[in-house]
Number of protein chains: 2
Amino acid sequence: MRTAKNDRQEMIIKLIKEHDISTQDELTSLMKKNGFAVTQATCSRDIKELGIIKVTLPNQVSKYAVLDRTGDVAPGRLLNVFSNSLISCKSAMNMVVIKTLPGMAQAAASALDSMHLQYVVGTIAGDDTVFVAAPGTEEANALVSTIDDMMSAGNMSSEE
Amino acid sequence: MRTAKNDRQEMIIKLIKEHDISTQDELTSLMKKNGFAVTQATCSRDIKELGIIKVTLPNQVSKYAVLDRTGDVAPGRLLNVFSNSLISCKSAMNMVVIKTLPGMAQAAASALDSMHLQYVVGTIAGDDTVFVAAPGTEEANALVSTIDDMMSAGNMSSEE
DNA sequence: CATTAAACTGAATAAAAATACAGATTAACT
DNA sequence: AGTTAATCTGTATTTTTATTCAGTTTAATG
């Protein structure tokens, strides 16, 4: 069921994505302009529920940003989630192409990101494929080995 | 040169990585236990400088976390929304990998697209990463320069 | 050195965000 | 419907964070 709260939180996400908002009072005003009668207290609660964060940009100005929630997991679990959803891993020039179970690519990429592996310049995920950019062909090959190792490590089905 | 401030900020990062800290007062106490006589005001300033954020975990508990900025944040003052959402920009062979604030990649890619820059063959965006394909390595490097310029556009004085 | 400017920091305070409390609304069940 | 429990939200307040102001230290230059 679609509640008023759902609509409100959706609008909050929309506004935060579209505008540079740096205080909850600002957000509250914007919400009112968009037809949502809310107070700062409610915005505070919604922001907390939605896991929205306040980031400080390099120019020392801060603003709210919507954070995707896959990021903060314990390392062990991370490796597990990652390795269990992988199907294959190959390199193509300086790119590593990882195949995952359907719908797992986002989670796998996010897990990979938080491992901070050497040579990973960046990752992009679709539904069942992750692209990883490496500096060059050599590094991409090295990454494939590393990831292959993790795939076998994760099969030792012991949990935390 | 290694200043007292450097040491202090390094310790702050260390403590935040190792402990679950949810207020600056907590951090201040921990700092004191580790031999750094600081006040909450200084912690606040350091946290801001370091781009450290406060995240709300899925269980609704919040804590500070070090946001990975890949170390190479571009200097200078950022102007518009596009450049404000960029964190870093590197090339890897013929690819340009752009890191953005969480949730900003789509917007950044779309903004980039509408600029019709030379050499941009195509872009694809995840949550906080944009891949840009260029015809070759040279062109990718040129693109990085162009984007770096945009990131520091509007700075008052020369670089630090 | 001496002088001036810049960077840094603490104490006090202002600004912003989170929450206790109470009333209102909704849900679930009899 | 009536009852109870749970969820939700605004007001007022507390808690937390950012900043102002003034004093200090550090750095740069004559």
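From a predicted model like this one, the values you see are computed outputs, not experimental measurements. All chains are named by letter (A, B, ...) in the order of the sequence lines, taking the proteins before the strands, and each is independently numbered beginning at 1.
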**Student:** Checking the side chain of A:S110 only, and the main-chain atoms of A:Q106 only, is there a donor and an acceptor separated by less than 3.5 Å?
**Tutor:** no

**Student:** Using whole Å, what does the distance between atom P of nucleotide C:dA18 and atom CG of A:L27 come to?
**Tutor:**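 After rounding, the gap between these two atoms is 12 Å.
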
**Student:** Under 4.0 Å from any atom of DNA chain D, heavy atoms only: list the residues of residues 7-18 of chain B that qualify, in numerical order.
**Tutor:** none

**Student:** Could you run through nucleotides 12-24 of chain D and give me one letter per nucleotide, 5' to 3': B if any protein heavy atom sits under 4.0 Å from the base, S if only the sugar-phosphate is that close, - if neither?
**Tutor:** ----SBBBB----

**Student:** Can you measure B:I53 atom CD1 to C:dA17 atom P for me and round it to whole angstrom units?
**Tutor:**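 One finds 15 Å between P of C:dA17 and CD1 of B:I53, rounded.
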
**Student:** Check whether B:N94 reaches the backbone of B:A134 with its side chain - one donor and one acceptor, N or O, closer than 3.5 Å.
**Tutor:** yes

**Student:** To the nearest 10 degrees, how far apart in direction are the end axes of the helix from C:dC1-D:dG30 to C:dT30-D:dA1, each fit to five base pairs?
**Tutor:** 40°

**Student:** Round to the nearest Å and state the distance from A:D46 atom CG to D:dT9 atom C1'.
**Tutor:** 10 Å

**Student:** Check the pair A:T42, A:R8 against side chain to side chain contact (heavy atoms under 4.5 Å, CB included), reporting the backbone distance first and the verdict last.
**Tutor:** CA-CA 10 Å; A:T42 298; A:R8 190 185 64 226; 3.4 Å; yes

**Student:** Just the rounded figure in Å: distance from P of C:dT26 to CG of A:N6.
**Tutor:** 14 Å

**Student:** Quick check for you: to the nearest 0.5 Å, what is the distance between A:R45 atom CZ and B:Q60 atom CD?
**Tutor:**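 One finds 12.0 Å between CZ of A:R45 and CD of B:Q60.
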
**Student:** Any Lys/Arg nitrogen of B:K14 or B:E18 sitting under 4.0 Å from an Asp/Glu carboxylate oxygen of the other?
**Tutor:**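 Yes, charged N to carboxylate O under 4.0 Å.
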
**Student:** B:M93, B:V144: one ILVMFWY side-chain cluster at the under-4.5 Å cut-off?
**Tutor:** no

**Student:** Does the side chain of A:D25 pick up a donor-acceptor pair with the side chain of A:Q40 at under 3.5 Å?
**Tutor:**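 Judged by distance alone, the side chains do not pair up.
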
**Student:** Does any N or O in the side chain of B:K54 come within less than 3.5 Å of the main-chain N or O of B:S22, such that one atom is a donor and the other an acceptor?
**Tutor:** yes

**Student:** Return the value, rounded to whole Å, for the distance between atom CD of B:Q60 and atom P of D:dT7.
**Tutor:** 13 Å

**Student:** Drop me the distance from A:S62's OG to A:D20's CG, to the nearest 0.5 angstrom.
**Tutor:**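 Here the interatomic distance stands at 10.5 Å.
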
**Student:** B:K17 and B:I13: side chain to side chain contact (heavy atoms under 4.5 Å, CB included), yes or no, with the steps?
**Tutor:** CA-CA 6 Å; B:K17 281 186 175 170; B:I13 289 174; 4.0 Å; yes

**Student:** Report the C-alpha separation of B:F131 and B:T129 in whole Å, then their side-chain angles, then the decisive distance to 0.1 Å, and conclude whether the side chain to side chain contact (heavy atoms under 4.5 Å, CB included) test is met.
**Tutor:** CA-CA 7 Å; B:F131 277 13; B:T129 307; 3.8 Å; yes

